[in-house]
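Read the structure below first, then the notes.
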Amino acid sequence: MVSQSHRAGAPPRPAEEGPISTDAFATLTLTEVEEAAGELHRRIAVALRRIGEQGADQRGLHETSPRQLVAALVATVELAAATLGAVLAGTPAASGRSDRHPATIAATMYAAPTVAALLSRLEQDRRLLASLARQLESRLDGEHPTAWGRTTLRAIVTDVALTASAACAQDLERRAAEATA
């Protein structure tokens, strides 16, 4: 289940262990999930561009900067894609939430040093996750041991593509509004 108690400005933090609740998304098709995720990532891009290159590194009253917030989402999308890739390949998926480690987030920021590069990476990773999910569509409802605990792949896809992306978009939109007020 996704944590409902993340601090303002902190990246959304899905539960470290245990299954993810997907009741709200159970009836969505992969096409609907992909379209919604695309819209959320468009909102993220608009807000981060509005904040600007220099503002992306300013924390203000928040625990993290906008760039850190998006880099954390990128790392989470990449872990989700790697998890689906491991299942597709028949190998064990990662068991730890390496996407939440500050070094992983910092390395993601270093690898994509501009707002444009970070947003491009987010878009590529969203497409990678969608492609892998489509390849596993008939197996998405089976449980697997993952970094999110024992859960379904559908739960991971919807949690990352929708829940985490929506939290990031809302936070960035709020920050963009604050920056222009």
Side-chain angles (χ1 to χ4, degrees), residues 1-7 9-22 25 28 30 33-34 36-38 40-41 44-45 48 63-113 117-137 139-172:
M1 185 172 296
V2 177
S3 170
Q4 300 298 319
S5 62
H6 77 279
R7 294 176 301 259
R13 299 188 186 275
E16 297 297 320
E17 295 181 29
I20 301 167
S21 173
T22 59
F25 306 122
L28 296 178
L30 280 179
V33 171
E34 185 176 359
L40 289 167
H41 289 198
I44 288 167
L48 192 57
E63 183 179 323
T64 60
S65 71
R67 190 183 314 267
Q68 286 173 302
L69 189 66
V70 176
L73 179 61
V74 167
T76 299
V77 174
E78 289 176 356
L79 179 60
T83 300
L84 270 63
V87 170
L88 193 59
T91 61
S95 61
R97 292 299 306 270
S98 59
D99 60 313
R100 292 295 174 209
H101 194 280
T104 301
I105 295 168
T108 302
M109 289 170 41
Y110 180 75
L118 188 59
L119 292 172
S120 176
R121 188 165 174 173
L122 179 62
E123 177 63 14
Q124 290 171 345
D125 292 341
R126 180 189 65 80
R127 290 173 179 268
L128 175 63
L129 181 62
S131 177
L132 289 166
R134 274 188 244 110
Q135 291 178 60
L136 286 164
E137 190 165 8
R139 298 168 46 196
L140 286 179
D141 294 315
E143 285 193 359
H144 299 274
T146 72
W148 286 264
R150 186 158 186 83
T151 191
T152 67
L153 300 178
R154 181 178 306 280
I156 293 170
V157 170
T158 57
D159 184 58
V160 171
L162 301 178
T163 307
S165 295
C168 183
Q170 290 171 339
D171 196 343
L172 286 173

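Keep in mind that what you see is a predicted model, and the values were worked out from it rather than measured. For this chain, numbers begin at 1 and follow the sequence in order.
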Please step through side chain to side chain contact (heavy atoms under 4.5 Å, CB included) for the pair V157 and F25, ending with a clear verdict.
CA-CA 10 Å; V157 170; F25 306 122; over 6 Å; no

Does the side chain to side chain contact (heavy atoms under 4.5 Å, CB included) test come out yes or no for L28 and T158, once each step is laid out?
CA-CA 9 Å; L28 296 178; T158 57; 5.6 Å; no

Of the non-hydrogen atoms in A147 and G96, which two are nearest, and what is the gap between them?
CB-O, 3.4 Å

Rounded at 0.5 Å granularity, tell me how far CG in L69 sits from CG in D171.
5.0 Å

Side chains of L30 and L140: closer than 4.5 Å at any heavy-atom pair?
yes

When rounded to the nearest 0.5 angstrom, what distance separates CZ in R134 from CG in L129?
10.0 Å

What residues, two or more places apart in sequence or in another chain, satisfy side chain to side chain donor-acceptor pair (under 3.5 Å) together with R127?
E123

Atom pairs and distances, donor-acceptor, side-chain atoms in residues 77-87, under 3.5 Å, two or more places apart:
from: E78; atom 1: OE1; to: R121; atom 2: NH2; distance (Å): 3.1
from: E78; atom 1: OE2; to: R121; atom 2: NE; distance (Å): 2.7
from: E78; atom 1: OE2; to: R121; atom 2: NH2; distance (Å): 3.0
from: T83; atom 1: OG1; to: L79; atom 2: O; distance (Å): 2.8

In this structure, CD of Q135 is separated from CG of L88 (nearest 0.5 Å) by 5.0 Å

Name all pairs fulfilling the salt bridge (Lys or Arg N to Asp or Glu O under 4.0 Å) condition that reach into residues 80-92, sequence neighbours left out, sorted by first residue then second.
none

Any R97 side-chain heavy atom under 4.5 Å of W148 side chain:
yes

With the side chain counted from C-beta on, respond yes when R100 and T76 share a heavy-atom pair under 4.5 Å apart, and no when they do not.
yes

Does some side-chain heavy atom of L118 sit less than 4.5 Å from a side-chain heavy atom of M109?
no

C168/L172 under side chain to side chain contact (heavy atoms under 4.5 Å, CB included): CA gap, chis, key distance, verdict
CA-CA 6 Å; C168 183; L172 286 173; 3.9 Å; yes

Residue pair A155 / T151: nearest heavy atoms and the distance that separates them:
CB-OG1, 3.4 Å

For a quick check under 3.5 Å, do S165 and H41 share a side-chain donor-acceptor pair by atom type?
yes

Q170 side chain to A167 main-chain N or O, any donor-acceptor pair under 3.5 Å?
no

Search all heavy atoms of A161 against all heavy atoms of A37 and return the closest pair with its distance.
O-CB, 3.6 Å

Examine distances only and state if a side-chain atom of H101 and a backbone atom of A103 form a donor-acceptor pair shorter than 3.5 Å.
yes

Hey, are the side chains of I44 and L119 touching, using non-hydrogen atoms and a 4.5 Å cut-off?
yes

Are D99 and T104 linked by a side-chain donor-acceptor pair shorter than 3.5 Å?
no

Measure the shortest side-chain to side-chain distance between V70 and P66 over non-hydrogen atoms and say whether it is less than 4.5 angstrom.
no

